[in-house]
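First comes the structure, then the notes that go with it.
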Amino acid sequence: MKSRLFSVSLLLFSFAAVSVMAQEKGSILFEEKCAACHLKQRPSFEEMNTMIAPPIMGVMTHVKDVKTAKPEAVKFIVDYIFDPTAAKALCMKQSIDRFGLMPSQKGNLTKEEATSIAGYLYDNYGYGK
Ligand code: HEC
């Protein structure tokens, strides 16, 4: 009984560790692949004037408005990373008017990396986060 309890807690611990690792991977990949354009924090007055893409919490709020469930949101983001078009965009039209369409990141990251980033973004950004 005791050893069974131990196995169960070990299993739970492993799940927690795996999910923490996934979070970290997504966060590191975002820094490497997306943060040059998308700010992670709310922009300062100065950043408001110099930013070259919408900050990611705003992006995620718009994405989650339409793609409420995580699998749909992740699917949308992964597709947009590689094949952005104005017709697909869920952000405000002003974003594209101001910054231009996001350049495709094809060749810059793998689909697996994109999926990891998208999951991390869904879990951490949008709606006051
Ligand atoms: C070279 C700059 C640049 C890089 C790098 C970049 N983006 Fe973007 N992104 C933009 C711009 C500009 C927009 C706003 C215009 C638009 O929606 O296409 C945007 C918009 C978006 C949107 C909103 C799409 C919509 O519905 O309108 C998502 C989601 C997004 N980016 C995710 C990412 C992720 C994830 C990465 C990293 C893999 C990334 N971007 C890398 C410039 C960039």
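Atoms within each ligand, like the ligands themselves, are counted from 1 in listed order.
Within the 3.5 Å criterion, the main-chain N or O of Asp83 finds a donor-acceptor partner in the side chain of Lys88.
Ion pairing between a basic and an acidic side chain is recognised when a charged N comes within 4.0 Å of a carboxylate O; Asp79 and Lys75 show no such pairing. Salt-bridge formation is not detected for the pair Glu113/Lys25: no Lys NZ or Arg NE/NH1/NH2 atom is positioned less than 4.0 Å from an Asp or Glu carboxylate oxygen.
Counting only heavy atoms from C-beta outward, the side chains of Leu90 and Tyr80 never approach each other to under 4.5 Å. The shortest side-chain heavy-atom distance between Lys40 and Glu31 falls under the 4.5 Å cut-off.
Because its NZ or CZ atom is both nearer than 6.0 Å to the ring centre of Tyr122 and within 45° of the ring axis, Lys64 counts as a cation-pi partner of that residue.
Every protein residue with a heavy atom nearer than 4.0 Å to ligand 1 is included here: Lys33, Cys34, Cys37, His38, Ile52, Ala53, Pro54, Val59, Phe76, Tyr80, Ile81, Ala89, Leu90, Cys91, Ile96, Phe99, Gly100, Leu101, Met102, Pro103, Gln105, Leu109, Ile117, Leu121.
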